[in-house]
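Data block below; observations after.
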Protein chains: 2
Amino acid sequence: MGRGKIEIKRIENNTNRQVTFCKRRNGLLKKAYELSVLCEAEIALIVFSTRGRVYEYSNNNIKATIDRYKKATAETSNACTTQELNAQHEMILAETENLQKREILLEQENAFLRSKIAENERLQELSMMPAAGGQEYSAIQQYLARNMLQLNMMEGQGVSSYDPLPPPHHDKKSLELQ
Amino acid sequence: MGRGKIEIKRIENNTNRQVTFCKRRNGLLKKAYELSVLCEAEIALIVFSTRGRVYEYSNNNIKATIDRYKKATAETSNACTTQELNAQHEMILAETENLQKREILLEQENAFLRSKIAENERLQELSMMPAAGGQEYSAIQQYLARNMLQLNMMEGQGVSSYDPLPPPHHDKKSLELQ
DNA sequence: GAGGCTATCTATAACCT
DNA sequence: TAGGTTATAGATAGCCT
């Protein structure tokens with residue numbers, strides 16, 4: 001609607017873009033007004049220019065309309081809203097998953113260590129038995145040797161080393177929203 | 001812009017109003033889209049019909065745009081935005097802290113278990129020494145006895161039991177936002 | 001840059017199916 | 001009631017000041 005048809009894509013010429021923004025913004029606000037009057041619609045329209053100036057239209061209290069909108073969308077299942085907030089929430093969920101995985105690994109490691117200790121305790125009891133000696137004692141040594149071997153194998157798999165997991169992202173800043 | 005000029009005032013005829021609402025609403029959304037593309041403007045447009053249905057347009061995240069608007073108008077730093085999202089985000093932060101605490105406890109427990117095992121390994125080496133016997137052997141038994149005592153004490157403090165920590169809230173649902 | 005002009009393009013009111 | 005058509009009102013691109 002003008003002297004020539006234009007493609008709907010960013011206007012590269014700075015001045016033209018500025019002028020068109022001014023004209024079309026006014027047109028949009030007018031249309032919003034007309035719709036609200038003709039059809040008794042409740043409208044909230046917010047426009048930011050590239051330079052960050054705000055323009056708005058509302059036939060009602062704009063914040064009240066925004067609140068009404070939030071209520072209305074909150075009702076329609078929360079999957080949608082989750083999507084809208086995704087960037088930050090993806091990060092949080094990733095962080096949480098990271099922590100959860102780490103917890104599971106630690107627990108596994110823990111359980112393994114505990115089983116080692118339990119086994120050792122049994123050996124200790126055996127070794128403290130007065131009867132321990134001769135063939136019995138050699139059986140204990142076999143047990144202990146196997147014990148150590150298993151432990152070393154586990155360490156080789158990185159389950160029981162002193163730095164078994166990648167460092168978690170505990171950086172609180174990474175969890176600050178917006 | 002039609003077969004006749006119309007006055008901008010509520011359309012009384014119900015059907016006409018409905019039809020005009022549908023047409024003009026689409027027109028408005030299109031104009032909003034075009035403005036956002038042509039001029040790189042950030043736009044949030046919310047329209048409620050008389051019957052309460054919501055229509056919206058945003059070239060960006062609409063809630064982010066609303067938040068930006070609120071910041072721009074209220075100028076009340078970001079405490080405001082955080083407040084708005086608080087209930088859920090508090091929960092997430094609490095969950096994260098919970099996981100982090102749990103992780104630290106698990107790591108502590110782990111370190112303790114590892115020290116136990118290291119000590120046991122030392123004992124095993126001692127016990128496998130051919131010289132082991134007589135007074136030497138009794139020293140090992142003392143070591144082992146002390147070992148078990150310490151372990152039992154730790155267990156008494158709940159650090160080394162088989163359920164040392166409260167169950168974490170792994171429920172994914174509890175992390176869904178809004 | 002802001003405002004005005006006008007040829008031209010778009011949106012849409014009234015009508016039709 | 002929804003969707004398509006068309007004459008016409010309205011919006012605006014390119015210019016000019």
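On a predicted model such as this, the values are computed, not experimentally measured, just so you know. Here is how names work: the chains are called A, B, and so on, in the same order as the sequence lines, proteins then strands, and each is numbered from 1.
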message: I need a per-nucleotide contact map over nucleotides 9-17 of chain C, read 5' to 3'. Cutoff is protein heavy atoms under 4.0 Å; write B for the base, S for backbone only, - otherwise.
response: BSBBBB---
message: Checking A:Phe48 now: which residues fulfil ring-ring contact (aromatic ring centres under 6.0 Å, His included) with it, not counting sequence neighbours?
response: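 If we apply the ring-ring contact (aromatic ring centres under 6.0 Å, His included) test to A:Phe48, skipping adjacent residues, there are no hits.
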field: Euclidean distance, B:Leu29 CG relative to B:Ser58 OG, rounded to 0.5 Å
entry: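 If I round to the nearest 0.5 Å, the distance is 11.5 Å.
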field: Spatial distance of atom OG1 (B:Thr96) from atom NE2 (B:His89) [nearest 0.5 Å]
entry: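 B:Thr96 OG1 to B:His89 NE2: 11.0 Å, rounded to 0.5 Å.
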Donor-acceptor contacts, no H, no angles, side chain residues 33-42 of chain B, under 3.5 Å, sequence neighbours left out:
{"residue": "B:Glu34", "atom": "OE1", "partner": "A:Arg24", "partner atom": "NH1", "Å": "2.8"}
{"residue": "B:Ser36", "atom": "OG", "partner": "B:Tyr33", "partner atom": "O", "Å": "2.6"}
{"residue": "B:Ser36", "atom": "OG", "partner": "B:Tyr57", "partner atom": "OH", "Å": "2.9"}
{"residue": "B:Glu40", "atom": "OE1", "partner": "A:Arg10", "partner atom": "NH1", "Å": "2.4"}
{"residue": "B:Glu40", "atom": "OE2", "partner": "A:Arg10", "partner atom": "NH1", "Å": "3.4"}
{"residue": "B:Glu42", "atom": "OE1", "partner": "B:Arg68", "partner atom": "NH1", "Å": "2.5"}
{"residue": "B:Glu42", "atom": "OE2", "partner": "B:Thr65", "partner atom": "OG1", "Å": "2.8"}

- prompt: Quick one: are B:Lys31 and A:Lys30 in side-chain contact, heavy atoms under 4.5 Å?
  reply: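 No - every pair of side-chain heavy atoms lies 4.5 Å or more apart.
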- request: Send over the distance from A:Asn13 CG to D:dT12 P, rounded to a whole Å.
  value: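 Result: 18 Å.
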query: To the nearest angstrom, how far is A:Phe21 atom CZ from C:dG3 atom C1'?
result: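 It is 18 Å, rounded to the nearest whole Å.
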- prompt: Counting any heavy atom closer than 4.0 Å, what does B:Thr15 reach on the DNA or RNA strands: base, sugar-phosphate only, or nothing?
  reply: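 If one applies the 4.0 Å heavy-atom cut-off, B:Thr15 turns out to touch the sugar-phosphate alone, with no base involved.
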